[in-house]
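Predicted model only: the values in this text are computed from it and were never measured. Just follow the structure's listing: the first ligand is 1, and inside any ligand the first atom is 1.
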Amino acid sequence: MIDNPNDPSLRSFIDVSPDSPFPIQNLPFGVFRRDKNSYPHIGIAIGDEILDVSELTEAAPQFLKWPAFLQLNLWHDLSNILGITPTFWREIRQQVSQLLRYDNPALRDNPKLRQRVLTRRSDVRMLMPCHIPNYTDFYSSREHATNVGIMLRGKDNALMPNWVHLPVAYHGRASSIVVSGTDIRRPHGQTKADDADLPTFGPTKSLDFELEIGTLIGTPNDLGTPIPTSQAAEHVFGMVLVNDWSARDIQKWEYQPLGPFLAKNFATSISPWVVTLDALEPFRVAGPKQDPEPLPYLRCEGNWSYDIQLEVWLQTAKMTEPVRISATNAKHLYWNICQQIAHHTINGCNLQTGDLLASGTISGPTPDSLGSMLELAWKGTRPIQLPNGETRVFLQDGDRVTMTGYCQGPGYRVGFGEVTARVLPAVEFGN
Ligand code: MN
């Protein structure tokens with residue numbers, strides 16, 4: 001028996017196509033509802049199906065060994081599972097891997113149990129995976145920070161002097177984080193044109209997406225107790241895709257001197273399946289060389305960047321299918337998650353179970369690998385040409401943005417699925 005759930009030769013008795021994001025090597029956690037009247041259940045994705053973990057625990061408790069204290073309040077989201085320890089997450093993933101493998105008859109040859117604990121992914125509605133108490137958004141892509149810097153300040157001062165010394169971030173808003181599939185309403189706000197004396201009020205004209213990955217914190221740290229880089233990964237449960245919606249015109253007028261506010265806090269979308277750090281382990285790679293060398297508390301041993309291929313797809317209301325407008329990779333990120341966590345907690349700040357730490361917009365080195373429309377259309381000067389003749393500099397009402405991400409293994413993919421949402425027109429205000 002192979003005991004390593006990441007072994008490339010592992011196969012499940014459930015058919016999984018080579019381009020599915022959810023082979024037996026992945027086993028991401030999510031929360032779903034079978035219909036409007038049923039309770040949320042915890043599930044693990046496998047191919048086109050979901051192993052209903054809540055149902056399995058009730059129907060056949062011998063298969064998954066939960067700690068006794070979890071019991072009743074386990075079922076509504078992942079928060080309780082996240083808050084325990086990595087040893088426990090590993091054991092559950094190991095047990096599920098054993099149960100789903102092709103050579104284990106326990107579930108494979110029990111049609112009645114299969115009927116009860118396996119359900120089609122297309123038949124359910126995905127919910128938020130856990131309560132997210134806090135949201136921090138980093139700014140860790142050097143290419144993105146440089147591009148935005150060039151647009152704002154010119155080539156010579158593109159990167160602020162602090163940027164190469166610390167992972168810059170701001171505290172975002174957790175209450176407006178929504179799960180994939182939730183439509184996004186175009187926000188109103190104040191803007192001021194460069195040649196105008198006074199600001200005006202109205203729907204944003206510069207609605208944008210930001211392609212990011214997000215880290216969900218599992219084990220918390222105590223207030224006053226920093227997490228060193230060497231232990232940071234043990235505090236991470238897993239990762240999701242993030243679309244951090246932005247209103248560039250509102251941002252430009254409001255952001256000084258305290259940073260992003262209403263241009264950012266109206267919505268942030270996340271993908272529903274949480275890919276565990278354990279499943280991503282085989283895809284760790286070296287990050288970009290850091291020069292100057294970071295201060296000692298930010299140095300870290302080993303490779304902590306992740307080789308995750310990322311794509312952005314756009315479908316306007318007039319298009320019959322989406323078109324890919326960007327392709328990049330998470331490995332381009334300059335600051336890694338261990339450095340982000342060490343920096344976030346170096347002053348004693350306490351991370352809580354379920355906290356979302358997003359990477360910041362991920363842009364690559366080429367014009368087709370940029371993670372926002374601001375950059376793809378270069379502040380409106382290079383409109384994106386779509387196959388049906390339409391063009392875009394920012395998002396229009398009815399546009400659908402879909403982001404995907406996956407790690408390519410030999411013959412299989414450890415993927416995230418997608419985060420997708422459509423832009424709805426602004427609400428009408430009576431004046
Ligand atoms: Mn962002």
Side-chain angles (χ1 to χ4, degrees), residues 132 134-149 151-152 159-160 162-163 166-180 182 184 186-187 189 204 206-217 239-256 258-271 306 308 310-312 325-326 328-330 332-337 339-341 343-344 355-364 369-377 379 394-395 401-403 405 416 419-421 423:
I132 297 179
N134 301 285
Y135 169 36
T136 302
D137 196 15
F138 282 88
Y139 195 53
S140 290
S141 159
R142 184 173 193 145
E143 290 80 0
H144 171 71
T146 304
N147 290 337
V148 173
M151 286 183 232
L152 292 179
L159 274 189
M160 298 295 272
N162 61 359
W163 198 93
L166 57 87
V168 168
Y170 72 98
H171 282 123
R173 180 131 190 115
S175 67
S176 52
I177 300 175
V178 295
V179 75
S180 175
T182 310
I184 303 303
R186 178 180 299 275
T204 175
S206 313
L207 184 61
D208 201 354
F209 60 79
E210 290 187 336
L211 169 64
E212 309 194 14
I213 52 169
T215 299
L216 282 173
I217 296 297
M239 290 189 187
V240 291
L241 300 171
V242 178
N243 180 352
D244 191 27
W245 303 91
S246 301
R248 302 296 180 194
D249 45 0
I250 297 172
Q251 184 176 3
K252 190 172 168 228
W253 172 232
E254 77 172 1
Y255 86 106
Q256 287 174 323
L258 291 185
F261 186 39
L262 303 177
K264 297 284 186 174
N265 71 4
F266 61 95
T268 301
S269 304
I270 63 169
S271 56
Y306 288 87
I308 307 169
L310 300 164
E311 297 178 351
V312 184
I325 57 170
S326 181
T328 184
N329 195 302
H332 298 308
L333 286 166
Y334 188 86
W335 296 103
N336 65 46
I337 57 169
Q339 294 175 315
Q340 290 169 344
I341 289 171
H343 185 64
H344 202 313
D355 278 2
L356 179 69
L357 273 53
S359 59
T361 308
I362 303 173
S363 290
S369 65
L370 305 172
S372 66
M373 290 189 93
L374 178 69
E375 295 162 88
L376 285 166
K379 228 166 81 174
F394 287 107
L395 295 169
V401 178
T402 304
M403 296 169 178
F416 289 78
V419 55
T420 186
V423 176

### Query
Taking the side chain from Ser246 and the backbone from Asp244, do they hold a donor-acceptor pair closer than 3.5 Å?
yes
### Query
For residues Asp249 and Thr204, is any side-chain donor paired with an opposing acceptor at under 3.5 Å?
yes
### Task
Determine whether Arg142 and Trp163 make a side-chain contact, defined as any pair of heavy atoms from C-beta on separated by less than 4.5 Å.
yes
### Task
Could you check if a side-chain atom of Leu370 sits within less than 4.5 angstrom of a side-chain atom of Thr361, using non-hydrogen atoms only?
no
### Query
Under 3.5 Å, is there a donor-acceptor pair between the side chain of Gln339 and the main chain of Pro167?
no
### Query
What's within reach of the Mn ion (ligand 1), meaning protein N/O/S atoms under 2.8 Å?
Asp137 OD2, Glu210 OE1, Glu212 OE2, Asp244 OD2
### Nearest heavy-atom neighbours spanning Leu241 and Met403
CD1-O, 3.5 Å
